[in-house]
Structures are given as structure tokens and as C-alpha cells.
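Please read the structure below before turning to the comments.
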Amino acid sequence: MGVPGRFFLTTPIYYVNDAPHLGTAYSTVNADALARWHRLIGDDTWFLTGTDEHGLKMARAAQEQGGSPQDWVDTMSRRYVESWAALKISNDDFIRTTEARHTSSVQQFMQAIYDNGYMHKGLYEGWYCVSCEAYYPEGDLAPGQLCPVHERPVEWLTEENWFFELSRFEQPLLEWYERHPEAIFPESRRNEALGIIRGGLQDISITRTSIDWGIPVPWDSAHVVYVWYDALINYITAIGYGADPDRFAKWWPAAHHLLGKDIIRFHCVWWPAMCLAAGIDPPAGFVVHGWLLVGGEKMSKTKLNQIDPVQLAGDIGVDALRYHLVREVALGADGDFTYEGLIARYNSDLANNLGNLLARVATVVGSKCGGSGSAPRPAGPGVRLSEVAVEVVSACRDAWARFAPNEALEATWRLVRTANAELEAIEPWKLPPGPAVDAVLGDALEALRIVALLVSPVMPSAAGELWSRIGLEGRPDEPGAAADGAGLLWGGYPAGRPVTKGAPLFPRRSSER
Ligand SMILES: [Zn+2]
């Protein structure tokens, strides 16, 4: 689980040839929610995302546009920066593999592996997919000599390259995973990674002479580093590898990499072996998610089934989209995105449950309590909401720690639904003003306060709005607001705060586009 109280989380860096789409937003929003949770509980947190900008595909795309590769990737990378800002992604750093800091880090890392004796020169040839930037063994190609991912023709390339001696790391990797049984979430993906290693590892070609759009190999400047190899090193560049030893020692190896299941080989096999070869520890953990499919297929540029997440957020709201991306599909599983599913969940969970709870409570506080709320009753048997809140908070802490943010939301909604059910059972709107009404509303306000904290990693704006409507000062997502669980203990809602109803927090949506 990494060093307690310190949490370094990364997304994959996105290849700039693709525009940001719902699949990349799925990774990034889930990572953002995890980072925000860790800040909320007081962990010293560093959250990194960025863009991957080298390789043959970029060089060719720039050529087709008649511009320089650097101008091309500058333009393409900006789309990610803008999209993530629009989706309220709270990254602490945004790394680009064309930055000078990365060149320096990659060269030092490569030199360390070379000096440690894990590189040799050899002839490489094989079927190469330009879109994947990867060679495929004959047997892995789709019928008709096509890339198995892109279903487009592959090219036969021959080059003299530098090879990383991955084959020497079968045993060290198996031993490392043996000592770190929790390094890969979920368990099924750990078995997949171990299967790849046990199946036998071959040395990998990690430099290219056919292009010059890449980072020069420090000991042989006719070669540039293979794009995938350079990309992985971003995770340590960003925390000062080779530049700031104190900063590097602070964050490494307390890193968790969030990644899609299609890049397990690179992250869970190559990368830890590269780290061992360079003389540093492998990262603490890998969180492997499935694919968010559209119509049963993975989104990709070549399939034209990409959905622009910023446009979708414009339709439904940033928080509502973030909620759906975290709640709908468990990290690790595949899920199918549909617009109808998005609207149905929005209406049931956000409009009818959470939005309705706030509106009801605010209405009755206005009509029966002169607009200011009461404190909740002390926790204990007989105060049903307090009992459910304790269970829910505990379930949420456990779920976030297991990289299961969807389960944290599911648990949170148990509290929301119980609060609504209590109001329906007691019907305070039918009672005369007095202690009975104050008690039930104080409990409901306290439930809303706890819910605001619990949903703030996923819906930061709505949580802030909920917080201020129930009269609380500051924000629910202040770093450390739930440190040591203190902010999440029952009883924190103070009496006498102005409660305002306002416009519906989540107006009902029609599924008509
Ligand atoms: Zn391909």
C-alpha cells in the first residue's frame, strides 16, 4: 500500500495522436477521484498525468501536416491540458515527454542500465504496427497480416538496435512479485502479469535508427530511444529522477500507476524490470482497469467511436459525468457506455436521491425551523442514521483503500437512501414545529454533511454547493478535512446554520438528446 501518509498516483501518459475521449477520461477521472480522496484523508499526495509525444506516428503526422513534430505535438498536447481542466482534474503536474527534464532523466536512466550491463546491440526485424508503435510476433497478427488491435496492415522493419536484456529478469521479477503480493490490483490482473513472466521473457529492442523524433541514446547518438521505453520513464522524471535526489527519494517507490489492461506487459513486466536494471526499486503498485466500451468496442481513433468527454459534460454537467465514470464500472472490469445509462443513473442517484434529499431537508428547515438547522442527536442505538453513517464511512475508507471507488459511492448512497427513508417514515412536514422535527432534521443535515465529504473526491463542485446550502463554511474538499477520520465522525454538524434550498442541485434530465 505504499508508505503510509504518502501517495503518488499516475495516469498513463496519453499518446497525443488520439484526442481525449471518454476512455481516457475514464482513466483520468478515476485517478483524480483517488488523488482527491487521499488529499481528503490528509495524505501527502502527488498526482501526475501528461502526454506521450515521440515515435514514428507523430513524426509522420507532422510531415503530413507540413509542420515540425514539435509544433504538432504542442498543439495536440494542449487538447489534453484543456480537457482535463474542463473536467476539474486536480493533477499536480502535467508531464510532456518532449520536455528537457524528460530528455535528461531518460538519458541518465538508460545510461545506468547500460553501465549495469543490461544492454547489447543486435539485429531486429519484425512486423511493426505504426499505430501501436510495437512489433508483433507473426502468430499474434490478425488474419491477413493485420495489427490485432488496429486491424490495419503491419510493416516489415529491419534495424540494428540496442536491446534491453529483459530475459535476465524473469526470476528477479517473480521474486519481487512474491515479496509484493499486493502490487497489482485487481488479483486477476496480477495473475495475468505473472503468466506473461512465467511464459518466458525475450530481450526487447529499445532503440530506433529509422527515425530521429525521439530521445538520443546517450552512448550511441545514431539511435533514439523507442517511444514506449521513453514513455514509461516519465513517472520518475516528474519526481526529479537524476535532478533532485531528495524529491525523488520522497516519492519513489511510493507510486501507484493506474493503467488500462491493454498495457499490462509494458507496465507490470517491462517497467519493474527496467527499474531493477537501473538500480532503483519498482513502483509500489499497479491499478489495472478495464475498458470503457461503446457499442461493445474499445474507443479508438481508427474506429470513429470516440465520444468527446468535454462535450458530454456540457450536456449533463461535469460532476454528473464524473459520477457516472466512477460509479458505473468497477476498476478492473469492462463496462459499456450508453447515453441512456448515463441519464438513467443521473436521474435515479443524483436527481431523485441526493438532490431530492437536500431539497426536502431545506424545505422543511425553512417551513418548520425558521431556516436554520439543528444539531444531530448523539450517535447510538435508536439513531438509525448515525448507525448507518458509521457503517458507510467505514465501508468507504475500505473501498478507497482497495481502489474500488465505485463501491465507495455505492456505500455512500446507502446513507442517502436511508436518510430519505427516515424522512418518509417520520414525515416531519406533517408535524408541528418542535423537538421531534428538530431531531429528525438535525440527523438528516448531519447525513448530508457526511455525504458532501464522501462525494467530494468525485463531485467536487456539487459537494461544495451542498456544503454551502446546509450553511457550512469553507469547503468539504479541504486537504485533511477527513484526516484520521475525524471529519467523518457523527456529530459534526453545528446547530444554527442557515439552510438554503436554492435551485435543484441536479435537475431531472430527459433521455432525449
Ligand atoms: Zn496497431
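Just so you know, ligand 1 is whichever comes first in the structure, and atom 1 is the first atom listed for that ligand. Please read all numbers here as calculations on a predicted model, not as lab measurements.
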Check for me whether the distance between the ring centres of Y26 and H289 falls short of 6.0 Å. yes
Among W156, Y128, W127, ring-ring contact (aromatic ring centres under 6.0 Å, His included) partner for Y135: Y128
Does any pair with a residue in residues 222-245 pass salt bridge (charged side-chain N to carboxylate O under 4.0 Å, His left out), and if so which ones, sequence neighbours excluded? none
Can you list, by chain and residue number, the protein N, O or S atoms under 2.8 Å from the Zn ion (ligand 1)? C129 SG, C132 SG, C147 SG, H150 ND1
How would you list all residue pairs meeting salt bridge (charged side-chain N to carboxylate O under 4.0 Å, His left out) that involve residues 67-83, not counting sequence neighbours? D74-R96
Does F8 have its ring centroid less than 6.0 Å away from the ring centroid of H256? no
Could you give the side-chain donor-acceptor pairs of residues 162-170 under 3.5 Å, partners two or more places apart or in another chain?
from: W162; atom 1: NE1; to: D220; atom 2: OD2; distance (Å): 2.8
from: E165; atom 1: OE1; to: R168; atom 2: NH1; distance (Å): 2.7
from: E165; atom 1: OE2; to: H120; atom 2: ND1; distance (Å): 2.7
from: S167; atom 1: OG; to: D203; atom 2: OD1; distance (Å): 2.6
from: R168; atom 1: NH1; to: G117; atom 2: O; distance (Å): 2.9
from: E170; atom 1: OE2; to: L201; atom 2: N; distance (Å): 2.8

